[in-house]
Amino acid sequence: MSMLKNKKALSMSVLCAIASVGFVVSASAAEQTMHGNLDEVVVEGSADVLPGGMAKEVVTIGMTGKQDIMSAPMTVSEISNKTIEKFATPNGGISDALSLDPSVRADRGGTYTDISIRGIYQSGHSYYVNGIPGLLCQENIPYYWADSVSIISGPSLGLNATPLSEAAAGTVNIQSKAASAEGNANLKVAYRGGSSMQEAIDVGRRFGENDRYGIRITASNINGDTAIDGENLEQQAFSINLDQKTDKSKSNLLIVYDHTDHKGGPGAFSFDTAVTSLPDVPDAGKIYKPDWSYNEYDNWIAALNHEQKLTDNLNVYFNAGYHREDWYGYVDGNPKITNNNGDFSINMTNYPLNLTKKIVGTGLKGSFNLGTVENEYLVGVDKTWYTYALSNNAAWNGGLGKWTGTGNLYQANHWPSLPRPSYDPAHNQDAQMTGWHVVDTLKALDDKLVVTLGLHGHKVKKVMKDNSHQDSDAICPTFAASYKVSDAVTVYADHTESFGTGSMVSLGKGYANEGQMLDPAKTKQNEIGVKVKTGDFMNTFTAFKITQANNIDKKVGSLKYLVQDGEQENKGFEWAFTGQLAKKWDLIGGAMYLDAKDYKGNKINGASKWSGTVGAIYHPTEELSFIGRMTYLSSTSINNGVLDVPSYAKYDLGASYKTKLNNTPVTFDLMCYNVAGKDYWSARSGSSSLCLGAPRTVVFSANFEL
């Protein structure tokens with residue numbers, strides 16, 4: 001059944017892509033018109049990038065739109081398509097490109113695309129797509145359709161549409177590729193390590209009077225064993241992006257489908273209390289679970305954005321989103337190390353799920369002057385409908401409902417295979433969230449002073465499978481200001497707050513207050529910073545403090561309660577940089593110091609104090625480039641300080657060469673990730689589990705411009 005779905009998905013992607021190529025080429029030939037000026041249309045390779053092309057100069061600030069990075073009164077960056085192409089990896093995917101922003105740490109590769117921002121975890125469910133929340137899965141996210149990614153560090157709920165999965169420490173917003181005025185047709189073939197291959201196409205055209213309409217198609221197929229012995233990844237993804245723009249309106253429609261079948265995906269290792277010393281790191285080129293474990297799922301995404309000019313100073317906008325995630329194939333579990341010798345056990349379950357999200361939002365954007373002060377305002381509302389099904393297949397494995405195995409980190413492990421089960425999850429919960437937003441950006445003193453004032457409110461209603469209800473509501477403010485001391489120096493400060501949707505005390509976990517609804521958890525941040533742009537190089541220096549309400553276990557006599565009490569505090573400072581260090585050197589990266597403690601003053605598990613990354617591209621000639629990256633994470637501890645986790649530094653090296661084959665431009669890329677072949681434990685902020693770093697992986701690709 002899964003093989004049939006796989007073949008159907010691949011056939012559909014290829015057929016749609018071929019048909020679309022024919023359509024856009026015919027349309028382009030039929031419409032021999034002048035290229036128009038399409039302001040604010042997301043265009044790959046557009047001119048709004050900082051020197052070096054690694055990050056955007058005009059960045060996306062949530063619902064308020066685009067703003068020059070030197071004027072933005074907060075810590076924000078937007079990595080470009082060039083950065084995604086050069087620094088996303090086979091194991092970590094797009095999260096490894098995001099971690100070139102020093103606020104971001106890629107917390108887990110393989111099965112999940114998890115990150116932390118300033119030490120607070122978030123999954124792919126918290127990402128935005130074209131400004132719409134909740135459209136992505138948390139698993140192996142395809143990204144060939146992505147043009148750029150905007151990252152606002154710190155709570156930014158007041159500037160974004162209301163997410164059902166709260167992004168308490170920052171917002172990741174992926175912008176899709178749109179057709180450029182010049183058009184494009186690219187074919188990519190890549191070797192991804194092991195026996196894994198990728199074939200992909202990317203084609204786009206503009207047509208109509210003044211290039212009003214655009215269409216951009218991408219399709220990608222990944223298939224084969226990875227560089228990790230026992231892991232296999234098959235993924236097919238297809239996207240179509242349609243846009244139009246006139247003097248009075250602009251619209252964008254993105255549709256994405258992907259199918260993934262991931263066998264033996266690496267996971268996280270947990271540690272029993274009997275482990276008193278962290279075992280030596282094992283071979284990262286092997287898996288430590290059965291190679292017949294698997295995750296198979298389909299995702300459908302639709303994102304619609306439309307803005308219409310009503311008057312010269314007033315626009316109305318409408319956004320809509322749809323996400324269907326059908327995770328029908330799941331037999332998986334993670335190893336738990338039981339002693340200092342590296343023995344471990346695994347409990348695996350069959351736990352499929354599916355979910356559907358529908359999102360709509362509308363509002364007004366306008367401007368007016370109060371004396372010499374210009375006001376750009378937004379007033380909007382949005383609503384999300386959510387349906388979720390999740391249940392354990394208790395009949396799996398002969399009625400046991402689980403499979404249990406044992407192994408050792410330093411020995412060959414083998415477990416007899418089990419057939420893939422077929423099981424439909426039962427309905428678990430429904431939810432509705434309604435949000436409202438009021439944001440005003442004031443500009444004064446010839447735009448040297450920019451002040452943003454925002455207020456956001458939301459109300460959530462959840463209905464559980466037993467018809468019990470969870471209701472919560474909250475209001476949070478945003479205050480931010482920046483001042484241009486000169487064209488080269490901007491200082492800024494902000495206070496932002498975020499509220500979760502409220503949570504219910506889990507059933508069956510031994511809590512005396514199970515089923516009780518806890519208040520929404522509040523997150524607050526204060527930050528101050530300075531942006532310095534000298535020549536072709538930009539530096540940002542930031543100091544921040546984030547406090548987040550904790551849900552903790554509390555004993556009352558012999559009973560255990562889950563209550564909201566105390567706060568976690570994450571404070572630190574960052575240095576981010578991007579630009580051209582010299583004429584032939586493009587550079588991006590930064591470093592972060594993080595001091596994360598719980599309400600008792602104890603260090604947060606897995607939260608390393610220091611982290612940093614540097615990505616560099618050296619161009620000795622126009623045709624040849626050398627690529628390098630260094631990633632560093634300092635030592636930390638887990639299991640409440642019992643186990644010490646060593647620091648690590650990882651290096652990636654590669655080269656890129658542009659030439660022509662039979663007059664067809666082609667770019668060859670060769671990358672070696674983890675070039676030293678270093679095995680290392682990778683900590684995850686806020687968690688006592690560890691991941692293995694990816695093994696040495698060689699990737700070779702050829703991109704043909706047709």
Side-chain angles (χ1 to χ4, degrees), residues 12-31 33 35-49 56 60 78-85 88 94 128-132 135-136 141-150 173-188 198-208 210-221 236-246 249-258 299-307 321 665 703-706:
M12 181 180 295
S13 298
V14 173
L15 287 174
C16 289
I18 293 172
S20 302
V21 170
F23 168 72
V24 297
V25 170
S26 298
S28 178
E31 301 287 348
T33 59
H35 299 317
N37 181 18
L38 301 175
D39 295 338
E40 295 191 31
V41 173
V42 180
V43 177
E44 183 186 27
S46 57
D48 62 344
V49 293
K56 295 291 187 80
T60 304
E78 186 162 348
I79 64 172
S80 67
N81 184 257
K82 173 181 176 179
T83 305
I84 296 171
E85 287 185 343
I94 199 170
Y128 288 66
V129 175
N130 292 345
I132 300 173
L135 299 188
L136 289 179
I141 299 174
Y143 54 87
Y144 195 56
W145 53 269
D147 177 68
S148 65
V149 186
S150 171
N173 181 24
I174 302 178
Q175 302 285 335
S176 61
K177 292 176 179 177
S180 65
E182 297 78 13
N184 70 284
N186 297 303
L187 171 65
K188 178 180 179 180
Q198 179 184 16
E199 307 86 29
I201 62 169
D202 177 6
V203 60
R205 292 290 186 272
R206 301 208 69 83
F207 53 95
N210 294 321
D211 282 347
R212 176 179 179 179
Y213 301 102
I215 183 171
R216 186 78 175 258
I217 305 288
T218 71
S220 171
N221 176 53
Q236 296 81 40
F238 170 79
S239 78
I240 179 169
N241 195 96
L242 304 169
D243 74 271
Q244 71 85 31
K245 179 155 185 182
T246 68
S249 71
K250 58 181 179 180
S251 311
N252 196 89
L253 173 63
L254 170 70
I255 298 173
V256 180
Y257 166 76
D258 68 85
N299 283 286
W300 294 264
I301 296 170
L304 173 65
N305 310 95
H306 179 74
E307 190 165 332
N703 187 77
F704 299 86
E705 299 177 32
L706 305 177

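For clarity, every value in this text was computed on a predicted model and none was experimentally measured.
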**Q.** Under 3.5 Å donor-acceptor, Arg206 side chain and Gly183 backbone
**A.** no
(Q) Please report the interatomic distance CG(Leu135) to CG(Asn299), rounded to the nearest 0.5 Å. (A) 10.5 Å
Q: Identify the heavy atoms of Val256 and Ser239 that sit nearest to each other, and give their distance.
A: CG2-CB, 3.9 Å
Q: Quick one: do Leu706 and Ile201 satisfy side-chain contact (heavy atoms from CB on, under 4.5 Å)? Show the steps, please.
A: CA-CA 10 Å; Leu706 305 177; Ile201 62 169; over 6 Å; no
Q: Check Gly208 against Tyr213 and note the closest heavy-atom contact, atom names and distance.
A: CA-CD1, 4.3 Å
Q. What residues, two or more places apart in sequence or in another chain, satisfy side chain to side chain contact (heavy atoms under 4.5 Å, CB included) together with Ser251?
A. Gln244, His306
Q.
Taking side chain to side chain contact (heavy atoms under 4.5 Å, CB included) as the definition, give me every residue that meets it alongside Ala200, ordered by chain and number, with sequence neighbours left out.
A. Tyr144, Lys188, Gln198, Ser220
Q. Is the backbone N or O of Gly204 less than 3.5 Å from a side-chain atom of Asn184, with the two atoms forming a donor-acceptor pair by type?
A. yes
**Q.** Set of side chain to side chain contact (heavy atoms under 4.5 Å, CB included) partners for Ile141, sequence neighbours left out
**A.** Thr113, Tyr127, Leu136, Cys137
(Q) Using modelled atom types and a 3.5 Å cut-off, is there a donor and acceptor pairing between side-chain atoms of Asp258 and backbone atoms of Pro142? (A) no
Q: Would you please test Glu78 and Thr60 for side chain to side chain donor-acceptor pair (under 3.5 Å) and show each step?
A: CA-CA 7 Å; Glu78 186 162 348; Thr60 304; 3.3 Å; yes
Q: Supply the atom-to-atom distance Ile217 CD1 to Leu242 CG, rounded to the nearest 0.5 angstrom.
A: 7.0 Å
Q | Heavy-atom pair of closest approach, residues Asn241 and Ser176 | A | OD1-OG, 2.7 Å
Q: Using a 4.5 Å cut-off on heavy atoms from C-beta on, say whether the side chain of Trp145 contacts that of Leu254.
A: yes
Q. Quick check: does any side chain N or O of Asn81 sit under 3.5 Å from a backbone N or O of Ala146, one acting as donor and the other as acceptor?
A. yes
(Q) Looking at every heavy atom in both Asn130 and Asn173, which two are closest together, and how far apart are they? (A) N-OD1, 3.3 Å
Q | Working for side-chain contact (heavy atoms from CB on, under 4.5 Å), residues Val149 and Ile84 | A | CA-CA 9 Å; Val149 186; Ile84 296 171; 4.0 Å; yes
Q: State whether a side-chain donor-acceptor pair under 3.5 Å links Ser150 with Gln175.
A: no
Q. Between Asp243 (side chain) and Lys250 (backbone), is there a donor-acceptor pair under 3.5 Å?
A. no
Q.
Under a plain distance cut-off of 3.5 Å, with no hydrogens placed, do Asn221 and Gln236 share a side-chain donor-acceptor pair?
A. yes
(Q) side-chain contact (heavy atoms from CB on, under 4.5 Å) for Tyr257 and Ile301? Distances and angles first, verdict last. (A) CA-CA 6 Å; Tyr257 166 76; Ile301 296 170; over 6 Å; no
Q. Can you tell me if Ser148 and Ser80 form a side-chain donor-acceptor pair at under 3.5 Å?
A. no
(Q) Please determine whether a side-chain nitrogen of the Lys or Arg among Asp202 and Arg216 lies less than 4.0 Å from a carboxylate oxygen of the Asp or Glu. (A) yes
Q: With rounding to the nearest 0.5 Å, note down the distance linking CG in Asp48 to NZ in Lys56.
A: 4.5 Å
